[in-house]
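Since the structure is predicted, the reported quantities are computational estimates derived from the model, not experimental observations. One-based numbering, in listed order, for ligands and for the atoms of each. FYI, the numbering just counts along the sequence from 1.
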Amino acid sequence: MEKKIFSGVQPTGNLHLGNYLGAIKNFVQLNNSKENKCVFCVVDLHAITVNQDPKELRNNIRETVATFLASGIDPNKSIIFNQSQVSAHSEAAWILGCTARMGWLNRMTQFKEKAGKDKEKASIGLYSYPVLMAADILLYDATHVPVGDDQKQHLELCRDIAQKFNNDFKVENFLIAPEPLIQKEFSRIMSLKDGSKKMSKSEISDQSRINLRDEKDQIVNKIKKAKTDPLPMPSEIKDLDNRPEARNLLGIYSSLTEASLEKSINEFSGKNFSDFKNTLTQVLVDKISPLAVEIKKLLNDKNYIDKILSDGAQKADEIASKKIKKIHEIIGF
Ligand code: AQP
């Protein structure tokens, strides 16, 4: 069955291993399947929910596209574009904001985490972020949305918005409630400094994450310093209980080598943590360093990246403008 795929990545710089293993790696597999129609969006409207330097934002948009391409997404098979270039996204977000309920948004944990203690000073955009995300997905009739585990709640909200809109206007199945595509294992990569926190672009300490543009020396250094615990390497999965850092590093290794957690545990059982870290570093360098080289190379040709974005925006606009036109008719504009 044909799947319609939509997903987005914020151009907020420092794309990291969590973004890659949790989302982009999955995008590539979906892009490679003949049965899928994929749309991958650089969600710049989402990025401005927190302050952005305009020059950096422009560079980060291109860098996100370069990361997609370097990872293996083919612009001839999938649509790649940036959100701000297709005005239907902002428009649909407003309209669907009139369907979404305050109570639903008040439950969103990402807002609570990102706004922190000083909620009053957070932007309204940060609060209504999941409504824009719903608009992005629903405009393309996406059936499946590949995301990291952290976005699960936002996808449930998207489904609620779609169902309420369809019920309110008596248009059964007009907005398609999408299914999340979350990897069964290793769907949340954690910080290298604290196994209870998500690896994140906005974390101040660069030591907490492997950036996709890190040089070999940086990867070596970050894994060497990554937090572990004094216990030996586990010999079975239950030995990882209450050991979030060990679980995370083994999860990263398993995801990169396409092995099950159990298999990785067996491989290192009885060995020292330092042996495991050396092998993990080698795998990371082998998988991530070529990406960094390719991203850099692609960024030397800004015209090529801009052409992909403008072609992609044209294709995306054809789909999204038809949907927004129908939305106008349904709501009585
Ligand atoms: N740590 C992670 N593990 C697994 N998946 C992750 N994703 C992000 N962090 C992890 C997934 O990457 C995709 C793109 O994310 P995004 O750029 O839209 O923003 P985000 O989720 O807000 O990413 P960050 O790094 O955590 O940014 P900040 O620090 O700004 O909050 C999504 O599918 C996401 O699930």
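Of all the atoms in ligand 1, the ones that sit under 4.0 Å from a non-hydrogen atom of Ser187 are 3 (N), 4 (C), 5 (N).
Among Leu192, Leu17, Asn14, the one residue that satisfies the side-chain contact (heavy atoms from CB on, under 4.5 Å) test with Arg209 is Asn14.
When only non-hydrogen protein atoms are considered, atom 13 (C) of ligand 1 lies nearest to Ala23 CB, 3.6 Å. Of all protein heavy atoms, the one closest to atom 5 (N) of ligand 1 is Gly18 O, 3.2 Å. The shortest contact between atom 16 (P) of ligand 1 and any protein heavy atom is with Lys201 NZ, 3.5 Å.
Here's the thing with Asn19: one of its N/O atoms is less than 3.5 angstrom from an N/O atom of ligand 1. Taking any N or O of Val43, backbone or side chain, none lies under 3.5 Å from an N or O belonging to ligand 1. For ligand 1, none of its N or O atoms has an N or O atom of Glu203 under 3.5 Å away. Of the N or O atoms in Asp149, none lie within a sub-3.5 Å distance of an N or O in ligand 1. Checked by distance only, ligand 1 and Ile189 come closer than 3.5 Å through their nitrogen or oxygen atoms. When only interatomic distances are considered, the shortest N/O to N/O separation between Thr12 and ligand 1 does not fall below 3.5 Å. Between Arg188 and ligand 1, no N or O atom pair is found at a separation short of 3.5 Å. Ligand 1 has no nitrogen or oxygen under 3.5 angstrom from a nitrogen or oxygen of Gln110. Between Val147 and ligand 1, a contact under 3.5 Å exists for no N or O pair.
For the atom pair Gln10 CD and Ile61 CD1, the distance stands at 11.5 Å (nearest 0.5 Å).
Using modelled atom types and a 3.5 Å distance limit, the side chains of Ser191 and Glu203 yield no donor-acceptor pair. Using modelled atom types, one finds a donor on one side chain and an acceptor on the other under 3.5 Å when comparing Asn211 with Asp214. Between Tyr127 and Asn106, the side chains place a donor N or O and an acceptor N or O closer than 3.5 Å (distance only, hydrogens not considered).
With a 6.0 Å cutoff to the six-membered ring centre and a 45° limit on the axis angle, Lys323 counts as a cation-pi contact of Phe174.
His154 has its ring centre less than 6.0 Å from the ring centre of Tyr129.
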